[in-house]
Each structure stands twice: as structure tokens, then as C-alpha cells.
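Let me begin by presenting the structure, written as C-alpha cells, before commenting on it.
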2 protein chains.
Amino acid sequence: MITPVTLFKSLADETRLKSILLITQEKELCVCELQHALDESQPKISRHLAQLKQIGLLQDRRNGKWVYYRMHDDLSGWVNEIIALALTNNANFLSTASESLFAMGDRPTRIASCCET
Amino acid sequence: MITPVTLFKSLADETRLKSILLITQEKELCVCELQHALDESQPKISRHLAQLKQIGLLQDRRNGKWVYYRMHDDLSGWVNEIIALALTNNANFLSTASESLFAMGDRPTRIASCCET
DNA sequence: AACTCATATATGGAAAATCGAATATGTTTT
DNA sequence: AAAACATATTCGATTTTCCATATATGAGTT
């Protein structure tokens with residue numbers, strides 16, 4: 001069970017918050033997609049994702065060379081609700097990253113999406 | 001307009017989060033009540049409240065020697081909703097502070113409550 | 001097996017957050 | 001106006017967070 005302080009600390013960083021909101025919006029994203037969408041270095045993205053995974057907010061799965069992150073399945077309802085509220089009420093906060101993601105060419109998601117359960 | 005990162009940073013500290021949740025629960029609290037409920041030093045409480053006020057999460061009013069803090073009237077709906085979710089889903093996180101507040105003798109609130117609009 | 005690509009981690013340093021202690025301000029009481 | 005009380009602020013120090021760089025791991029590809 002995640003504590004409220006731990007949750008809010010996780011959301012209190014621009015890179016982490018945008019990552020979580022993008023992942024929530026897109027269901028699942030790999031490191032390189034977040035790297036492109038947020039225009040940040042690979043280690044930076046990877047480090048924050050590892051942190052979010054360690055806390056239990058995210059879970060990952062590897063598919064070939066790519067590692068896909070999504071919200072953890074076992075999150076309490078109120079955690080998901082808080083994230084959903086943040087997402088739906090801060091469209092402009094995420095717009096640039098979101099547009100950048102859609103403009104990205106060669107997204108591995110397309111290839112992977114055909115293999116999902 | 002508060003940004004989501006600013007909001008979550010505000011909630012990412014135990015003293016601040018408990019203060020905000022207690023204030024939300026009790027409508028209005030003065031520094032000495034929070035000091036007692038959270039069992040923290042006066043400067044520490046005061047400093048965090050000042051920070052929350054500066055951000056625009058709290059507003060204060062002075063009544064005699066006491067300064068009462070409450071949630072800011074002009075907060076966006078989603079901000080209040082997030083705080084309400086945190087409050088209703090983390091009873092145990094707040095229980096000790098809450099009990100300590102109720103056990104406090106000579107609460108100035110009692111005197112002030114007769115003068116509120 | 002060597003090479004490439006995607007991702008992860010380790011390290012040292014910089015920046016930011018937090019704190020305790022001391023002190024200042026403002027209000028009431030005497 | 002001095003004393004007492006509630007609150008605010010300053011200061012230096014500690015701790016925590018964050019980052020860039022370099023390097024490691026792990027999976028496909030040739």
C-alpha cells in the first residue's frame with residue numbers, strides 16, 4: 001500500500017508527472033517514446049521510471065528490445081482517481097509532450113500492439 | 001492558477017500534507033492547534049503554512065492573537081477533489097494527529113467560533 | 001561471436017528542500 | 001509601557017533530490 005506522501009512525492013517532479021499522465025493516457029509506453037515525447041535524456045527517463053516502478057506505481061514488461069511501462073494493476077482506487085483528475089484538468093500541461101508523442105515516427109508501439117493479450 | 005507540479009510538491013511533505021488534511025477536515029485551524037496536533041515546533045508549522053499560503057493553497061485571517069488558516073476559497077475544483085480523495089482514503093495516516101487535536105485543551109477555536117460570519 | 005539498439009545503473013557533483021535555533025513582529029493583558 | 005502570548009522570519013547547516021556523464025546489461029541482428 002502506497003502512502004499518500006510517497007504518492008505525492010512521485011507526482012512532484014515534472015518528468016515523473018508527465019510520464020505518469022502520458023502513460024495513463026496511452027495505457028502503455030516504452031522508454032524511447034517517453035524520451036521523445038518529453039525531450040529528455042534516456043538515463044533521466046529511465047531513472048524516474050525505475051523509481052516509479054520501485055514505489056509500485058508502475059509495472060513493466062519487456063517485449064524484445066523494448067520495455068513497456070504502464071500503471072500498476074493493483075493500485076488503490078483513490079490513487080487512480082487522483083491521477084485521472086490531474087490528467088483531465090491539466091490538458092495544457094501535457095499538450096506539448098502529447099503532440100510530440102503523436103508526431104514521433106517509428107513508434108515501437110505499433111509493432112508491439114499486435115501482440116498484446 | 002496553481003500548476004499540478006506545484007500542488008503535488010505542496011502535498012509531498014508529511015507536515016504540510018497533514019496540515020492540509022486537518023484543515024480540510026476542520027474547516028479552519030490556527031497555528032497552535034496544528035502545532036499540538038502534529039507535535040511539531042511552532043516555527044516548523046508556521047514556515048510550512050507560510051509556504052502553502054504563498055502558493056495560494058491556504059488563506060489566513062487574524063483574530064486577536066491567533067491566525068487561522070483555511071483552504072483558499074478560490075481553489076480549482078480538481079484541487080479540492082484531490083485533497084478530498086487523499087483525506088477520505090487515508091484515515092490512519094491522519095488518525096493520531098486528529099485524536100491529538102481533539103484531546104487538546106483550551107482550543108482557541110471554541111472562543112473564535114462564536115464570532116465567525 | 002561481434003555489433004547494434006534499447007534500457008538500466010553507478011558515480012560524483014549541484015541544486016533544492018528541510019530543519020533547529022535564535023530572533024523579530026504583532027496583539028493582548030496588566 | 002512592560003510583560004506575556006501567538007505567530008513569523010532569518011540564518012546556517014544538514015539532508016534530500018536531481019542531474020549529466022560514463023558505463024553496464026540484455027535482446028536482437030548480422
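Order of the sequence lines fixes the chain letters, A, B, ..., with proteins taken first and strands second; residue numbering starts at 1 for each chain.
The SG atom of A:C30 sits 4.0 Å away from the CD atom of A:E33 when rounded to the nearest 0.5 Å.
Distance NZ (A:K9) to C1' (D:dT15): 11 Å, rounded to an integer number of Å. Put simply, CG on B:L11 is 16 Å from C1' on C:dA17, counting in whole angstrom units. Atom CD in A:Q54 sits about 14 Å away from atom C1' in C:dT9, given to the nearest Å. Following rounding to the nearest Å, A:R107 (CZ) and C:dA6 (P) show an atom-to-atom distance of 15 Å. The distance from atom CG of A:D39 to atom P of D:dA20 is 11 Å, rounded to the nearest whole Å. One can place CG of A:L17 at 12 Å from P of D:dC18, the figure rounded to the nearest angstrom. One interatomic measurement links the two molecules: CD of A:E14 to C1' of D:dC18, which rounds to 13 Å at whole-angstrom precision. Look at CD on B:Q51: it is 15 Å from C1' on D:dT10, rounded to the nearest Å.
Relative to the six-membered ring of A:F8, B:K9 misses at least one condition, a distance below 6.0 Å or an angle of at most 45° to the axis. Remark: B:K18 is positioned above the aromatic ring of B:F93, its terminal NZ or CZ atom under 6.0 angstrom from the ring centre and at most 45 degrees off the axis.
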(message) Test side-chain contact (heavy atoms from CB on, under 4.5 Å) on B:I82 and B:V79; report intermediate values, then the result.
(response) CA-CA 5 Å; B:I82 282 176; B:V79 175; 6.0 Å; no

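Summary of the strand contacts: A:G64 and A:E40 both lie near DNA chain D, and taking for each the nucleotide with the nearest heavy atom, the more 5' one is attributed to A:E40. Place A:S46 and B:S41 on DNA chain C by their nearest nucleotides, and A:S46 ends up nearer the 5' end. Between B:P43 and A:V31, the residue anchored nearer the 5' end of DNA chain C, judged by the nucleotide with its closest heavy atom, is A:V31.
Considering only the side chain of B:R62, C:dT27 comes nearest among C:dT27, C:dA8, C:dT18. Which of C:dT18, D:dC18, C:dT27 sits closest to the side chain of B:D13 comes down to C:dT18. Closest to the B:K65 side chain, of the nucleotides D:dC18, D:dC5, C:dA6, is D:dC5.
Not one side-chain nitrogen or oxygen of B:H48 sits closer than 4.0 Å to the OP1 or OP2 atom of C:dA17. For B:K44, a side-chain nitrogen or oxygen approaches OP1 or OP2 of C:dC19 to under 4.0 Å. In this structure, A:Y69 reaches the C:dA8 phosphate: one of its side-chain N or O atoms is under 4.0 Å from OP1 or OP2.
The residue A:R47 sits close to a base: some heavy atom pair falls under 4.0 Å.
Taking the side chain as every heavy atom from C-beta outward, B:S19 and B:L38 approach each other to under 4.5 Å.
Taking only distance into account, the side chain of A:Q42 never meets the base of C:dA6 through a donor-acceptor pair shorter than 3.5 Å.
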